[in-house]
Amino acid sequence: MNNNEIIPWFILLNPLITAVLILFVFRKNHGTAATVSTMSAFFGLVGSLCAFTLAPTHTLVLWIDIPGLQIPIGVQLDHLSQVMLLVVTGIGFLVHLYSTVYMEHDESKARFFGHLSLFMFSMLGIVLADNFAMMFIFWELVGVSSYLLIGHWFTRDAAGKAANKAFMMNRIGDFGFMLGILMLWSTAGTVTFKGLEAATGTLTTNPMFLTAAILLVFCGAMGKSAQFPLHTWLPDAMEGPTPVSALIHAATMVAAGVFMLARIAFLIGLSPAAALIIAWIGAITSILAALMATQQDDIKRILAYSTLSQLGYMVMAIGLAPDPSGGPAMFHLFTHAFFKALLFLGAGAVIHALHHEQDIWKMGGLSKHMPKTTVTFAIGTAALTGFPLLAGFWSKDSILAAASEKSTPLYIIGLCVAVLTAFYMTRLFVVAFLGKPRTEAAHHGHDCPARMTVPLLILAVLSVIAGFVPEKWFFSAHQHFHWNIAIPATIAFAVGTAIAFKIYSGKDKDPIRVSAFRNKFYLDEIYGAIVAGTQDVLAYIANAVDSLISGIVRLAGMAAWGVGFLFRLLQFGNVQGYSFVFGLGVVGLIWFVVFK
Amino acid sequence: MTLTLNHYLLVSGLLFSIGFAGVLLRRNIIIIFMCLELMLNAANLSLVAFSRFNVGADGLPNFNAQVLTFFIITVAAAEVAVGLAIIVALYRARQTTHVEDITTLKF
Amino acid sequence: MNPILFYLFSILMLGFGIAVVANRNPVASAMSLVVSFFCLAALYVGLDAYFLASIQVVVYAGAVMVLFLFIIMLLDLKAEQRRKFNKLAIGGGALVALAFAAQLVGVLGSHPRGDKPFPELKLPVGESLNDLQHVGETLFSLHTLPFQVIGVLILVATIGVIVISKRELK
């Protein structure tokens with residue numbers, strides 16, 4: 001093995017070894033665990049930087065080799081995974097660094113860092129996987145490790161429930177994912193991405209089948225990337241520690257779905273119907289989540305819905321422009337990772353400073369006491385809302401450009417979401433950071449230690465410059481700058497921001513109340529009702545079947561009892577009576593055998 | 001007048017019938033037990049008669065039948081021992097040897 | 001066998017058999033049974049089964065009868081009280097027994113194979129039948145396994161009797 005081949009394996013196995021080391025050796029050794037985990041994340045980042053300069057490689061070990069099914073464990077280092085590695089390890093390292101402070105006084109810090117490393121390992125496995133089977137395994141590992149991290153404070157009831165919800169919602173999607181993989185395998189006879197790419201001829205012979213297979217695979221992405229209607233777990237996942245939220249939202253879990261879709265973009269390109277459905281689901285998620293975000297009070301929840309909305313954007317972009325190099329979707333994922341991580345870590349800093357106060361209406365005036373946090377948070381907000389020349393501006397423009405080319409309704413939805421994004425982010429910023437402090441805790445806000453603010457500063461810088469990466473990182477064709485897209489987008493940003501300033505500046509209470517938005521369109525309640533209703537119906541049917549069966553069983557029992565009752569009348573208990581009957585029988589038998 | 005096999009079989013059968021009648025008619029369980037012995041011996045008698053009737057090529061009776069009779073006698077002796085022990089236990093429990101008083105084996 | 005002896009012992013045996021059934025007193029029944037068995041042993045002798053005849057006397061007339069008498073004594077059984085007879089039961093029982101006997105006669109009458117005299121035994125000149133030896137040879141050559149099983153049976157019966165007769169039987 002030369003360097004080219006050994007570095008991807010190192011990147012992949014490094015967090016696994018760390019996780020094992022921490023979970024089995026340093027369980028009680030909290031300080032060591034944090035250091036080891038952070039060092040390992042740093043090495044991962046260095047490895048990814050090295051890997052970025054390497055030529056694409058592909059090394060594999062054959063894992064399952066039976067006729068008709070060959071599943072290798074392979075690492076595929078190509079353009080897509082190189083960029084994604086940078087995002088995952090980069091954000092991952094910063095989150096690790098930040099967590100060393102944020103989780104400083106946690107009782108089970110070692111467990112936290114062990115799970116964090118496991119999470120990194122799972123995500124890197126997805127990024128580097130060269131086939132669906134391997135990707136599915138790591139896909140599930142992401143599910144498990146996210147379960148562990150969301151439920152880190154498992155003594156809190158809400159955390160346990162949120163972890164369960166995330167895991168189950170993901171399982172629903174994963175079931176479709178698995179079916180999709182099996183369908184693709186049954187047609188193409190292979191599960192490797194290269195093999196599928198080579199078998200496009202076979203796959204396109206039955207377009208309906210291919211569309212169904214792609215949509216089923218997309219179900220997996222719907223679960224992981226929290227697309228409507230499987231999105232409800234993501235806001236609840238805020239019960240986890242804030243660094244975990246940052247990691248889930250920016251770099252690892254939800255990005256996995258988008259990354260997977262980018263990985264199979266060549267397949268989506270083969271089925272226009274599937275691409276259209278994917279784009280629409282993305283658009284619906286995007287607009288619904290943006291509407292819900294406008295009415296949330298919890299700082300982390302606003303960010304969570306914002307993530308949902310941006311993920312919808314990315315998925316829509318995949319459907320609109322399936323580009324094997326990633327396209328606008330991966331570009332947006334890339335830029336979004338930085339400013340969303342920045343926003344979450346900033347929110348974490350605020351929460352940390354205010355002793356776990358998350359309601360934005362109980363904050364206010366933080367800009368005076370926490371200048372560094374405020375400035376970085378403002379940069380993150382600007383980048384997310386599409387302030388011209390910042391990261392979000394470029395990636396959002398590329399998505400809107402793709403939308404305007406393909407479909408006008410989607411373009412309009414995209415612009416609406418842009419307005420709403422500007423609106424709710426400005427609302428958050430105005431209410432939480434400007435104006436006067438509304439509670440005692442908000443008076444005593446302070447900037448956090450350097451290990452927490454340094455990641456913020458780094459991310460702020462990246463949020464500014466991330467839009468200027470060479471276009472060949474994400475696009476296979478040359479992109480033009482469209483004034484006719486950039487101007488409406490900027491207007492959308494300006495409108496949203498201006499309205500929010502106008503409405504929320506100097507307010508102590510939310511002047512608008514839209515209960516449908518506030519209550520997430522009652523989707524949780526609807527799901528609850530559907531599940532309960534289905535359960536009731538199923539229980540009713542099961543009960544009917546059960547009573548039918550037990551009726552039959554009881555009937556058999558009654559029959560046996562009745563016959564027994566009849567026959568026991570014959571048992572008169574007199575021995576001589578028995579022998580009399582016996583003798584009668586013998587006489588009858590002899591008569592029958594001999595004389596008849 | 002010579003004796004034939006049928007003479008013995010008839011006597012054996014009559015003895016068996018007497019025993020059977022005793023089992024059916026008597027109420028005292030010990031008498032019933034004696035009648036059972038009568039029936040066993042009736043069977044033995046016909047076996048011995050068969051043994052004597054089926055003389056083999058060597059001009060001797062068929063001793064297999066006599067061995068069978070021997071077994072029956074042995075088993076009957078064991079049976080009497082066990083049966084009488086049961087009767088004693090029964091008498092201890094119920095203070096009776098009348099079968100009409102022993103009717104718990106019924107609905 | 002002398003037919004006269006056969007008839008004599010047969011009638012005696014059947015008569016005492018009836019006496020077993022008919023006697024009210026259990027002791028009288030038991031004594032009738034002994035006589036009946038003695039007559040049976042005599043019939044065995046008439047059939048050249050000397051060994052079985054002696055076994056009959058020793059086991060039945062000896063051991064079994066003693067057991068019966070012991071039990072009668074132990075339970076202190078008096079003559080049966082005159083009870084109200086169930087005429088239907090008596091009649092039915094007698095009818096079944098009679099039907100059985102009638103069938104027997106019918107079978108014997110309709111099958112002439114048994115209506116032949118007993119063949120003569122061919123014995124070496126000057127020797128009588130050594131049936132004990134022959135029974136023994138047959139028993140220990142052809143029927144060894146049943147013989148041993150019988151041994152086990154007797155053991156089991158012995159143990160069973162001990163267990164059943166224990167006073168503390170619960």
Side-chain angles (χ1 to χ4, degrees), chain B residues 1-11 13-15 17-22 24-28 30-31 33-35 37-38 41 44-45 48-49 51-53 55 58-61 63-64 66-67 69-71 73-82 84-89 91 97, chain C residues 1 3 6 10 13-14 17-18 20-21 26 29-30 33 36-37 40 43-44 47-49 52 55 59 63-64 67-68 71-72 74-75 77 80 90 93-94 96-97 100-101 104-105 108 114-119 121-123 134-135 138-139 142-143 146 150 153-154 157 160-161 164-165 169:
Chain B
M1 190 174 87
T2 50
L3 290 173
T4 63
L5 179 62
N6 276 1
H7 285 90
Y8 281 94
L9 293 183
L10 187 65
V11 170
L14 287 175
L15 189 61
S17 299
I18 290 166
F20 190 41
L24 289 182
L25 299 178
R26 294 302 301 262
R27 309 289 155 84
N28 191 326
I30 291 186
I31 309 287
F33 215 57
M34 290 179 190
C35 292
E37 294 305 311
L38 276 183
N41 278 286
N44 280 352
L45 177 57
V48 176
S51 157
R52 180 63 184 80
F53 188 68
V55 172
D58 56 355
L60 295 172
F63 286 105
N64 285 325
Q66 296 201 11
V67 169
T69 309
F70 173 75
F71 284 152
I73 291 172
T74 323
V75 173
E79 180 219 337
V80 166
V82 176
L84 288 176
I86 290 172
I87 288 172
V88 170
Y91 189 81
T97 54
Chain C
M1 181 182 207
F6 167 76
S10 293
M13 185 183 74
L14 292 177
I18 290 170
V20 171
V21 178
S29 284
L33 195 64
S36 187
F37 284 164
L40 188 61
L43 287 180
Y44 284 170
L47 287 168
D48 298 324
L52 283 182
I55 288 287
V59 174
V64 172
L67 259 181
F68 269 110
I71 295 303
I72 291 166
L74 193 66
L75 303 186
L77 293 176
E80 210 170 317
I90 299 282
V96 169
F100 187 79
L104 196 81
V105 175
L108 292 179
D115 207 7
K116 283 184 282 192
F118 288 91
L121 296 178
K122 289 180 225 142
L123 295 171
H134 291 297
V135 169
T138 317
L139 186 61
L142 286 174
H143 306 287
I150 289 281
L153 179 80
I154 289 175
V161 167
I164 290 170
S165 326
L169 188 70

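Side chains included, hydrogens not; waters and symmetry mates left out as well; all remaining heavy atoms used. Residue numbers start from 1 in every chain, and the chains themselves are labelled A, B, ... in the order their sequence lines are given, proteins ahead of strands.
- Between B:Ile18 atom CD1 and C:Phe100 atom CZ the span is 12.5 Å, to the nearest 0.5 Å.
- Residue contact with chain B, scored on non-hydrogen atoms closer than 4.5 Å, involves the backbone and the side chain of C:Leu67 alike.
- Residue contact with chain B, scored on non-hydrogen atoms closer than 4.5 Å, involves the side chain of C:Leu33 exclusively.
- Only the side chain of B:Tyr91 comes within contact range of chain C, with at least one heavy atom under 4.5 Å from a heavy atom of that chain.
- When all heavy atoms are compared, the tightest approach of B:Met34 to C:Phe68 is CG-CE2, 3.7 Å.
- Taking CG from C:Leu52 and CG from B:Leu45, the interatomic distance works out to 11.0 Å, rounded to the nearest 0.5 Å.
- Contact annotation for B:Asn44: both backbone and side-chain heavy atoms come within less than 4.5 Å of a heavy atom of chain C.
- Contacts between C:Val59 and chain B at a heavy-atom distance below 4.5 Å involve the side chain alone, from C-beta outward.
- Atom OG of C:Ser10 sits about 8.5 Å away from atom CG of B:Leu3, to the nearest 0.5 Å.
- Comparing C:Gly93, C:Pro119, C:Ala101 by how many heavy-atom pairs each has under 4.5 Å with chain B, the most go to C:Pro119.
- Note: B:Ala49 leads B:Ala49, B:Ala76, B:Ser51 in heavy-atom pairs under 4.5 Å with chain C.
- For the options B:Asn64, B:Leu24, B:Leu14, B:Thr74, heavy-atom pairs under 4.5 Å to chain C are most numerous at B:Asn64.
- The contact between B:Leu5 and chain C is made by backbone and side chain atoms together, counting heavy-atom distances below 4.5 Å.
- Using a 4.5 Å cut-off between heavy atoms, C:Leu139 touches chain B through backbone and side chain atoms alike.
- Across all their heavy atoms, C:Pro26 and B:Ile31 have their closest contact at CA-CD1, 3.8 Å.
- Between atom CG of residue B:Leu84 and atom CD1 of residue C:Ile71 there is a gap of 5.0 Å, rounded to the nearest 0.5 Å.
- Relative orientation of the C:His134 and B:Phe63 rings is parallel, given thresholds of 30° and 60° on the angle between their planes.
- Nearest heavy atoms, B:Glu37 versus C:Phe37: CB-CZ, 4.0 Å.
- Shortest non-hydrogen contact noted between C:Pro117 and B:Thr4 is N-CG2, 4.0 Å.
- To the nearest 0.5 Å, the span separating OH on C:Tyr44 from CZ on B:Arg52 amounts to 15.5 Å.
- Contacts of C:Leu108 with chain B are made by both backbone and side-chain atoms, with heavy-atom separations under 4.5 Å.
- The parts of C:Ile18 that come within reach of chain B are both its backbone and its side chain, each placing non-hydrogen atoms under 4.5 angstrom from that chain.
- For C:Leu104, the part sitting under 4.5 Å from any heavy atom of chain B is the side chain, from C-beta outward, and nothing else.
- Considering all non-hydrogen atoms of both residues, C:Met13 and B:Val11 come closest at CE-CG1, 3.5 Å.
- Here the closest heavy-atom approach between residue B:Val82 and residue C:Ala157 is recorded as CG2-CB, 3.7 Å.
- Heavy-atom distances place both the backbone and the side chain of C:Ser29 under 4.5 Å from chain B.
- Residues C:Ile90 and B:Leu25 form a side-chain contact, since some pair of their non-hydrogen atoms from C-beta on lies under 4.5 Å apart.
- Both the backbone and the side chain of C:Leu75 come within contact range of chain B, with heavy atoms under 4.5 Å apart.
- Proximity to chain B (any heavy atom under 4.5 Å) is shown, for C:Ala49, by both the backbone and the side chain.
- Between C:Val105 and B:Leu10 there is a side-chain heavy-atom pair separated by less than 4.5 Å.
- Separation of atoms CD1 (B:Ile86) and CD1 (C:Ile164) is listed at 4.5 Å; rounding is to 0.5 Å.
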